[in-house]
Amino acid sequence: MKIDRLDHFVLTVGNIDKTVEFYTTVLGMEAVVFGQNRKALVFGRQKINLHEAGHEFKPHAEKPTPGSGDFCLISETPLHEVIQHLNSLGVPIEEGPVKRTGAVGEIGSVYVRDPDGNLVEISNYI
């Protein structure tokens, strides 16, 4: 077997509307509705499916918990513009800019938290 790419992942959240607001406003993702009124956030060729805590779709993680996510998003926008955008919206930067190692090389990153406390790393390859 050879895995090609990540298609989607699921975030369990406390409030889907607050999550959609954050990811569309702050990160520029597109909110979509699919299936039986399920909600997701689309970006590039990937998406984040949203499950509301206590109302998860089966099958689901063994211990679905809001705020347990920690992931990195690669931005086409230069990191200094990302920082300006975050500052203009009053989104606190948890850490950064810092250098890290991404899947295919060195990245510059800033870290923010979404409404549930998930750690969201926003990065550019250097």
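One is the number of the first residue; the rest follow in order along the sequence.
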Worksheet item: Can you list the steps and then say if L73 with S123 is a side chain to side chain contact (heavy atoms under 4.5 Å, CB included)?
Response: CA-CA 6 Å; L73 302 170; S123 305; over 6 Å; no
Worksheet item: What's the verdict on side chain to side chain contact (heavy atoms under 4.5 Å, CB included) for K39 and D17, showing C-alpha distance, side-chain angles and the deciding distance?
Response: CA-CA 9 Å; K39 295 195 177 157; D17 291 336; 3.9 Å; yes
Fill in: side chain to side chain contact (heavy atoms under 4.5 Å, CB included) assessment of L86 paired with I93
CA-CA 8 Å; L86 295 170; I93 294 174; 4.1 Å; yes
Item to complete: Take Y111 and V98, measure what side chain to side chain contact (heavy atoms under 4.5 Å, CB included) needs, and give me the verdict at the end.
Response: CA-CA 9 Å; Y111 295 83; V98 293; 3.9 Å; yes
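Atom CZ of R100 is separated from atom CD1 of I107 by 8.5 Å, given to the nearest 0.5 angstrom. Between the CD atom of E62 and the OG1 atom of T65 there is a distance of 10.5 Å, given to the nearest 0.5 Å. Note that the OG atom of S109 and the CD atom of E95 stand 9.0 Å from one another [nearest 0.5 Å]. T12 OG1 to H60 NE2: the interatomic distance, rounded to the nearest 0.5 Å, is 8.5 Å.
A chain of hydrophobic side-chain contacts below 4.5 Å, direct or via other Ile, Leu, Val, Met, Phe, Trp or Tyr residues, connects V110 to M29. There is a path of hydrophobic side-chain contacts, each under 4.5 Å, that joins V91 to F71. At a threshold of 4.5 Å between side-chain heavy atoms, the hydrophobic network of Ile, Leu, Val, Met, Phe, Trp and Tyr places F43 and L27 in one connected group. When the side chains of ILVMFWY residues are joined at heavy-atom separations under 4.5 Å, either directly or via intervening members, V112 and F9 end up in a single hydrophobic cluster. Under the 4.5 Å side-chain heavy-atom criterion for ILVMFWY residues, a single connected hydrophobic cluster contains both I16 and L41.
In this structure a side-chain-to-backbone donor-acceptor pair under 3.5 Å is missing from N118 to D114. Judged by distance alone, the side chain of E121 and the main-chain N or O of L119 form no donor-acceptor pair under 3.5 Å. Under a 3.5 Å cut-off, the side chain of D116 and the backbone N or O of G14 do form a donor-acceptor pair. With hydrogens and angles disregarded, no donor-acceptor distance shorter than 3.5 Å links the side chain of S68 to the backbone of P66. Between the side chain of N49 and the backbone N or O of H8 there is no donor-acceptor pair closer than 3.5 Å. Side-chain atoms of Y125 never come within 3.5 Å of backbone atoms of I74 as a donor-acceptor pair (strictly under, hydrogens ignored).
Taking the charged nitrogens against the carboxylate oxygens, E52 and R38 have no contact shorter than 4.0 Å, which rules out a salt bridge.
Each of T25, T19, V20, V26 was checked for a side chain to side chain contact (heavy atoms under 4.5 Å, CB included) with Y23, and the lone residue meeting it is T19.
A cation-pi contact links K47 to F34, judged by a cut-off of 6.0 Å to the six-membered ring centre and 45° from its axis.
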